[in-house]
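Contents: one structure, followed by commentary.
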Amino acid sequence: NGSKNKLGPFDWGVHVDTERKESAPVTSFKHAPMSGHWSDVAVGMKVEVLNTDCDLPSKVFWIAQVIKIAGYRAKLRYEGFEENSSLDFWCNLCTMEVHPVGWCATIGKPLVPPKTIQHKYTNWKGFLVKRLTGAKTLPGDFYTKVVESRECKFRSGMQLEVVDKCSISSMRVAVVDEVVGGRIRLLYRDSQDEEDDFWCHMASPLIHPVGWSQLVGHKLTATAEYKAASYAKTISKKLDPMDCPPDLFRKEKTVDSSHQQFHVGMKLEAIDPLNLSTVCVATVRKVLREGYLMIGIDGMETPDGSDWFCYHQTSANIFPVGFCDLNKIELTPPRSYSAPFKWLDYLKKTKSQAAPVKLFNNEIPNHGFKAGMKVEAVDLMEPHLVCVATVVRVVGRLLRVHFDGWEDTYDQWVDCEAPDLYPVGWCEMMGYPLQPPLIKASPPTKTDTSKKRKSKKQT
Ligand code: MLZ
């Protein structure tokens, strides 16, 4: 994996500078900390930072200007350097190294100009007054907001239901082991292997409160005791103290069941949950309660349906028949399909009906992602990995994410609101390891993708 890189620590600043790429703005990630406050941050704003161009024995500070923004990170230039970029540096605006203008004055620290420019002026006070009048800076409560927006109510020891990563048509019981930046590490409760974990974001559609599986009619692999108790608890609405409170979970839109509905057998197009680089021909296999559907990928299904997958009917990962064609996305036909795939022929041949277009989520939020933008993205096939990535295509609300340095077969189609995408600098802010781009003479070729469909283990 990425840790094979032997080039020293990865530097996002150098990466975006050398690739001359933009990064997706923090405001595009609604689930990410500070997303709602990022309009306070702009190129041209001034801050107070450590002056590293100085011989004094004590720490002193100086004013710097934001000259570029990449996610949570900013490129700064000391005030007075004008066009001189020699000491430009990147830092993370959400760590405590950067302060609003005025911070030094409030704690009685002097502002000391860097050595390189010391000779340029004699009246530094006058210089600063001139440069700072009317300048924008961070709001005084910026760091209070950073701390508040990082809050996560999931606590270690709490119990919930999560998709079984080895048999995705089933849910299992898990316990929260660790919480990092709104992402949670879960351990399957009935597992022999203590390291048998699963990482996801707290807003992930793959986790649900105790009792959910039985409430909606989803398959659940758990003890008879758990099933009986969770059912009783859901009915009485009295959970145990260590059951995750249901209001912590993502809420799906309620669906109006008085109108036309999805039915078993209807055809559609869906992102293959076991091979996220493909959109496939798929079928509704089961209709659960509360708007949930079990979807099977045509021609891939195991006879026992163990790779059927639950998508909510408002999910942005399922599309009406013809979506790929319309958007010039390659549609993966059923595996054994020999002739060039044509929906009309296929529907006739399988005597089936396309799910009506109006049943699908057709909302396109104004998300702000553009092709070429850099992000930090979870490799959903190994969801403990958060990797350096690029949005390579934008189709309405659908994004194709490419992992820098990896083959295109690792690409993943994800919704613009997926909680598995983060702004550049997220890992640094959370103290979570970031997988750098793979740098190799020749990238590894993925062998048989059918293997991946059989086991979705995190290696
Ligand atoms: N175990 C895998 C990791 C692949 C991770 C790719 N992330 C984009 C391997 O080394 O192939």
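Note that these values count all heavy atoms, side chains included, but never hydrogens, waters or copies made by symmetry. Counting starts at 1 for both ligands and their atoms, following the listed order.
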**Request:** Quick one: list whatever passes side-chain hydrogen bond (donor to acceptor under 3.5 Å, both in side chains) with R172, sequence neighbours left out.
**Result:** D164, D190
**Message:** Tell me the contacting part of M381 for ligand 1: side chain, backbone, both, or neither, using a 4.0 Å heavy-atom threshold, strictly below.
**Reply:** neither
**Item:** From the candidates V378, V388, D379, the one that places a heavy atom nearest atom 5 (C) of ligand 1
**Value:** D379
**Asked** What pairs with S170 under side-chain hydrogen bond (donor to acceptor under 3.5 Å, both in side chains), at least two apart in sequence or on another chain?
**Response** T221
**Mutual orientation of the aromatic rings belonging to Y188 and F198 [parallel < 30°, tilted 30-60°, perpendicular > 60°]** = tilted
**Prompt:** Can you list the atoms of ligand 1 that are under 4.0 Å from a heavy atom of F403?
**Reply:** 8 (C)
**Item:** Under 4.0 Å to a heavy atom of E382 - the qualifying atoms of ligand 1, by number
**Value:** 1 (N), 2 (C), 3 (C), 4 (C)
**Request:** To the nearest 0.5 angstrom, please state how far the CG atom of N362 sits from the NZ atom of K358.
**Result:** 11.5 Å
